[in-house]
Protein chains: 2
Amino acid sequence: MTTGYDPRAFPPFAVTVDLALFTIRNGVFTVLLVERGGEPFAGAWALPGGFLLESEDAATAARRELAEETGVDVAAAGVHLEQLGTYSAPDRDPRMRVVSVAHVALAPDLPEPQAGTDAARARWWPVGELAPGRSDQGPQLAFDHALILADAVDRVAAKLEYSTLATRFVPPTFTLGELQAVYEAVWAVPLDRANFRRKVLSADDMVRPDGGDPRLTAGRGRPAALYRAGRATTLNPPLLRPAP
Amino acid sequence: MTTGYDPRAFPPFAVTVDLALFTIRNGVFTVLLVERGGEPFAGAWALPGGFLLESEDAATAARRELAEETGVDVAAAGVHLEQLGTYSAPDRDPRMRVVSVAHVALAPDLPEPQAGTDAARARWWPVGELAPGRSDQGPQLAFDHALILADAVDRVAAKLEYSTLATRFVPPTFTLGELQAVYEAVWAVPLDRANFRRKVLSADDMVRPDGGDPRLTAGRGRPAALYRAGRATTLNPPLLRPAP
DNA sequence: CTAATAGTGTCTGTTAGACATTATCCT
DNA sequence: AGGATAATGTCTAACAGACACTATTAG
């Protein structure tokens, strides 16, 4: 962008957005995939996504695709959406030159998705079954989506350390046990309950007690106090993953 | 990328890369800007960059532009290059729809740049003079480059905490005082010399003594031992910014 | 009662920040 | 000597991990 060259003289690209939408279902870290209807990669599973329109930026396109393919209104449902990165290998789409701006989205547990107009079918897949180097389970992903997904998983795992994003995986009102289950599912490690509690409660404004008196809810064993997400977005001090 | 739709049926975009190339010059955190020759924003200062070619991905284009506009060979000079993010507001280029993949590059102190074929002029600017909300000094930047630059500065400052990137700002052989000066320049805070030393030397494999016996070099006062960058890329434990 | 989950208290080794002290050069 | 920079040592408060103990529910 440094010269007076006419951009119309330069090669045209198609620009898409791809979405890695994560949630926790029954304590399992899962991602939404859609089954492709047409070529290339017909029948393969892929991240949801679509083409950028003339009038919108990438974030807007990502929100639109999310709504179209899952029926989720990002603004309403407290879904977190952020840009992950752009994938631009020349041969990533066999048809022509397509550059994709990948995004990561986090949502609390959603109902089984309604396939939109675009996707033939959509379903949630446990992230663990799609791990790289595991051809035993899970599908092969279309395009470079295995790479995008791996980067997205890394991003989410890293962000839990120094942000309050874990609260986006739980309902508006939640227990500390549920919040801990998010960390354990994403990081795939067990955490000490007492220490987790101490860190979350001493962190800046990550969670607040729900209502005046902490109400109690049922379950198995002693009922747990309920909390809501605080206003902080960055987590001070951070909640670091245990060393392997 | 979920359907069989023909990408050729969708709106074409021009795709560019923009580069925020940082270095430390005389202890000052600086960024390379070029003066635009043509419209729009003729005469304004901008981040170096250019159009993506048909046959290359964004990282390759960024390396090529870096070489063209600064004469720096990324591979040879140990320059660090990473993708920052993609900027896609519909009106970011008044001529037509241009999506830009921004990158961050870090280099040791380089000679005053040779303006390449593209850029009318190029020079290093202290980052502090370009801070947002400072119309008193420094130029207004073309396009959305002030936003990109602000994001790039945030990225670099954050990355110093948990990566070994600071070693990319110094020559292959350096003293701990020089390394500390990098942190102090980027973060704009003074650090305790003894504690900095302890953390850097106890970190995993951030630095190694140069040669067998730590040689000494001249200066003013006691000569300092020389070090080289270690093989680690992530910094364990991290070196956190002091709280404000 | 037991099982199960929630919540609190405490001990110990490590670390961060602050700062004093010693070392080695130059003029 | 005196100034300047490098390197090391030490003290203390805070924190992390580990784990024991108490509390409240269901069955």
Side-chain angles (χ1 to χ4, degrees), chain A residues 26-27 160-162 166 170-171 173-185 187 189-204 206-211 213-228 235-244, chain B residues 26-27 160-162 170-171 173-185 187 189-204 206-228 235-244:
Chain A
N26 307 322
L160 289 196
E161 290 191 314
Y162 55 92
V170 291
T173 271
F174 54 87
T175 70
L176 294 188
E178 291 166 348
L179 192 63
Q180 180 174 344
V182 170
Y183 278 89
E184 294 180 326
W187 288 348
V189 293
L191 299 176
D192 182 279
R193 198 158 34 84
N195 296 334
F196 179 82
R197 193 182 176 71
R198 188 177 14 136
K199 289 197 231 179
V200 167
L201 293 179
S202 72
D204 260 357
M206 186 180 192
V207 301
R208 300 171 174 183
D210 177 60
D213 284 330
R215 298 176 312 150
L216 297 182
T217 185
R220 178 105 160 106
R222 174 173 171 176
L226 295 176
Y227 293 84
R228 291 180 168 275
L235 189 48
N236 282 315
L239 210 162
L240 300 176
R241 261 176 287 194
Chain B
N26 307 321
L160 290 196
E161 290 191 313
Y162 55 91
V170 291
T173 271
F174 53 89
T175 70
L176 294 188
E178 291 166 347
L179 192 63
Q180 181 174 345
V182 170
Y183 278 90
E184 293 180 327
W187 288 348
V189 293
L191 299 177
D192 183 280
R193 196 156 37 82
N195 296 333
F196 179 83
R197 193 183 174 71
R198 190 179 12 148
K199 289 197 232 181
V200 167
L201 292 180
S202 72
D204 260 356
M206 186 179 191
V207 300
R208 300 171 174 183
D210 177 60
D213 283 331
R215 299 176 312 149
L216 298 181
T217 185
R220 177 105 164 106
R222 174 173 171 176
L226 294 177
Y227 293 85
R228 292 180 167 275
L235 188 48
N236 282 317
L239 211 163
L240 300 176
R241 262 178 287 194

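In the text below, chain A, chain B and the rest are named by the order of the sequence lines, each starting its count at 1.
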Under the side chain to side chain contact (heavy atoms under 4.5 Å, CB included) test, which residues partner [X], sequence neighbours left out?
{"X": "B:Ala181", "answer": "none"}
{"X": "B:Leu240", "answer": "B:Glu161, B:Pro238"}
{"X": "A:Pro242", "answer": "A:Trp187, A:Val189, A:Leu191"}
{"X": "A:Arg193", "answer": "A:Gln180"}

Distance in angstrom units between [X] [atom1] and [N] [atom2], rounded:
{"X": "B:Phe174", "N": "D:dA6", "atom1": "CZ", "atom2": "P", "result": "14 Å"}
{"X": "B:Gln180", "N": "D:dA6", "atom1": "CD", "atom2": "P", "result": "9 Å"}
{"X": "A:Arg222", "N": "D:dT24", "atom1": "CZ", "atom2": "P", "result": "6 Å"}
{"X": "A:Leu179", "N": "C:dT5", "atom1": "CG", "atom2": "P", "result": "18 Å"}
{"X": "A:Asp210", "N": "C:dA6", "atom1": "CG", "atom2": "P", "result": "16 Å"}
{"X": "B:Phe196", "N": "D:dT8", "atom1": "CZ", "atom2": "C1'", "result": "17 Å"}

Item to complete: Between D:dG27, C:dA6, D:dT25, spot the one nearest the side chain of A:Pro223, thanks.
Response: D:dT25
Worksheet item: For the side chain of B:Arg220, counting heavy atoms from C-beta on, which of C:dC26, D:dA26, C:dG7 is nearest?
Response: C:dC26
Worksheet entry | Letter per nucleotide, 5' to 3', of nucleotides 8-19 of chain C [B base touched, S only sugar-phosphate touched, - untouched; heavy atoms, 4.0 Å] | BB------BBBB
Worksheet item: What residues form a salt bridge (Lys or Arg N to Asp or Glu O under 4.0 Å) with A:Arg208, not counting sequence neighbours?
Response: A:Asp205
Worksheet item: Under 3.5 Å, is there a donor-acceptor pair between the side chain of B:Tyr183 and the main chain of B:Leu160?
Response: yes
